[in-house]
Amino acid sequence: MAAVAARMNPRLRGLYVITEDRALGAEEARVAVHAALRGGASLVQYRDKSDDRQCRLATATALQTLCARFQVPLLINDDVDLACAVGADGVHLGRDDMAIDCARARLPAGSLIGVSCYNRFDLAQRAAAGGADYVAFGSFFASPTKPQAVAATPDLLRRARTELSVPTVAIGGISPENGAALVRAGADMLAVISAVFAAPDVTAAARAFAPCFNPAEEARP
């Protein structure tokens with residue numbers, strides 16, 4: 001029942017923005033994420049693979065304060081220690097990261113854990129059974145962020161809708177033009193990086209995704 005409730009949780013539906021994988025200064029990241037939140041982002045992931053621990057701590061702290069003000073969850077990519085240090089809402093784990101049960105044991109109760117499953121439904125089944133709060137599939141389209149990513153198909157989303165009781169995320173080259181079909185197939189969230197953060201107007205770019213989740217809603221200028 002808890003997993004079914006999670007699928008219906010509005011915090012786990014909508015536009016999921018992921019920061020660019022580079023060492024952003026705290027203020028640069030805060031400004032960009034603030035603009036995305038103003039545009040309707042419902043989930044934020046801080047992703048920074050750099051070795052500058054001090055910068056990452058400062059940036060994650062700034063983003064957590066900002067996201068808390070908007071009542072939008074902040075997840076940290078890979079780094080459970082950083083998530084705990086800044087009081088983030090959870091983590092996102094990849095194939096080579098910490099196991100779900102280990103992350104769960106170290107995070108505060110109620111933390112969100114998302115898991116990348118690429119184009120493999122068996123990984124999604126395992127993640128859901130292991131306590132993940134959502135599973136992510138991709139790449140659905142060519143992505144400038146990960147040009148070598150494996151290709152995923154909408155059939156994964158259709159199958160997840162009927163066989164899994166946790167929300168699903170679609171990622172990889174997603175735009176307002178191609179995202180609606182993925183939502184119809186079963187995606188609860190559309191995860192984007194460059195489609196929002198590389199846009200000249202980040203707020204407008206985020207707002208442009210609203211019709212993917214509510215076709216009756218027109219994107220506002």
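Only heavy atoms go into these numbers, but all of them, side chains included; no hydrogens, no water, no symmetry mates.
In this structure, the side chain of Ser116 does not engage the main chain of Ala136 through any donor-acceptor pair within 3.5 Å. Judged by distance alone, with hydrogens and angles left aside, the side-chain atoms of Asn119 form a donor-acceptor pair with the main-chain N or O of Ala151 at under 3.5 Å. Judged by distance alone, with hydrogens and angles left aside, the side-chain atoms of Tyr118 form a donor-acceptor pair with the main-chain N or O of Arg95 at under 3.5 Å. With hydrogens and angles disregarded, no donor-acceptor distance shorter than 3.5 Å links the side chain of Asp188 to the backbone of Arg13. No donor-acceptor pair under 3.5 Å is formed between the side chain of Thr61 and the backbone N or O of Val86. Judged purely by atom type and a 3.5 angstrom limit, Asp133 has no side-chain atom pairing as donor or acceptor with the backbone of Gly114. No donor-acceptor pair under 3.5 Å is formed between the side chain of Thr19 and the backbone N or O of Asp48.
Contact annotation: the side chain of Val91 never approaches that of Asp97 to less than 4.5 Å [non-hydrogen atoms, C-beta and beyond]. Residues Val202 and Arg38 fail the side-chain proximity criterion, which asks for heavy atoms closer than 4.5 Å. Inter-residue side-chain proximity for Asn77 and Lys49 is flagged as met; some heavy-atom pair is nearer than 4.5 Å. When side chains are defined from C-beta on, Gln54 does not count as touching Leu57, because their heavy atoms never get closer than 4.5 Å. For the pair Cys84/Leu107, a side-chain contact is recorded, criterion being any heavy-atom separation below 4.5 Å from C-beta on. Side-chain contact between Leu12 and Met189: present, with at least one pair of heavy atoms (C-beta onward) separated by less than 4.5 Å.
A distance of 7.0 Å separates CG of Leu82 from OH of Tyr46, quoted to the nearest 0.5 Å. Leu75 CG to Leu93 CG: the interatomic distance, rounded to the nearest 0.5 Å, is 9.5 Å. Separation of atoms OG1 (Thr153) and CZ (Arg159) is listed at 10.5 Å; rounding is to 0.5 Å. With values rounded to the nearest 0.5 angstrom, Asp122 atom CG is found 8.5 Å from Cys117 atom SG. The distance from the CD atom of Gln125 to the CG atom of Leu164 is 6.5 Å, given to the nearest 0.5 Å. Note that the CD atom of Glu177 and the SG atom of Cys212 stand 8.0 Å from one another [nearest 0.5 Å].
Connection of Leu74 to Leu66 is established within a shared hydrophobic cluster, with ILVMFWY side chains joined at heavy-atom distances below 4.5 Å, either directly or through further cluster members. Under the 4.5 Å side-chain heavy-atom criterion for grouping Ile, Leu, Val, Met, Phe, Trp and Tyr, Val150 is connected to Leu123 within one hydrophobic cluster. At a threshold of 4.5 Å between side-chain heavy atoms, the hydrophobic network of Ile, Leu, Val, Met, Phe, Trp and Tyr places Phe209 and Phe70 in one connected group.
Across all non-hydrogen atoms, the minimal contact from Phe140 to Pro154 is CE2-N, 3.8 Å. Smallest separation of non-hydrogen atoms from Val135 and Ala127: CG1-CB, 3.9 Å. Scanning both residues, Val166 and Ala132, for their nearest heavy atoms gives CG1-O, 3.5 Å. The minimum heavy-atom distance linking Leu182 with Ala170 is given by the pair CD1-CB, 3.9 Å. Contact record, Ala187 with Thr168: CA-OG1, 3.5 Å, taken as the closest heavy-atom pair. The two residues Thr59 and Gly25 make their nearest non-hydrogen contact at OG1-C, 3.8 Å.
One finds no salt bridge joining Asp81 and Arg56 here, because no Lys/Arg side-chain nitrogen approaches an Asp/Glu carboxylate oxygen to under 4.0 Å. Using a 4.0 Å cut-off between charged nitrogen and carboxylate oxygen, Asp101 and Arg104 do not count as a salt-bridge pair.
Classified by interplanar angle (parallel below 30°, tilted 30° to 60°, perpendicular above 60°), the ring pair Tyr134/His92 is parallel. Aromatic ring pairs are classed by plane angle as parallel below 30°, tilted from 30° to 60° and perpendicular above 60°; the pair Phe121 and Phe137 is parallel.
Around CG of Asp51, the count of heavy atoms belonging to other residues, nucleotides or ligands within 6.0 Å does not exceed 12.
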Are Asp79 and Arg53 close enough, and set up right, to give a salt bridge (charged side-chain N to carboxylate O under 4.0 Å, His left out), and what steps lead you there? CA-CA 11 Å; Asp79 196 331; Arg53 182 75 184 178; 2.7 Å; yes

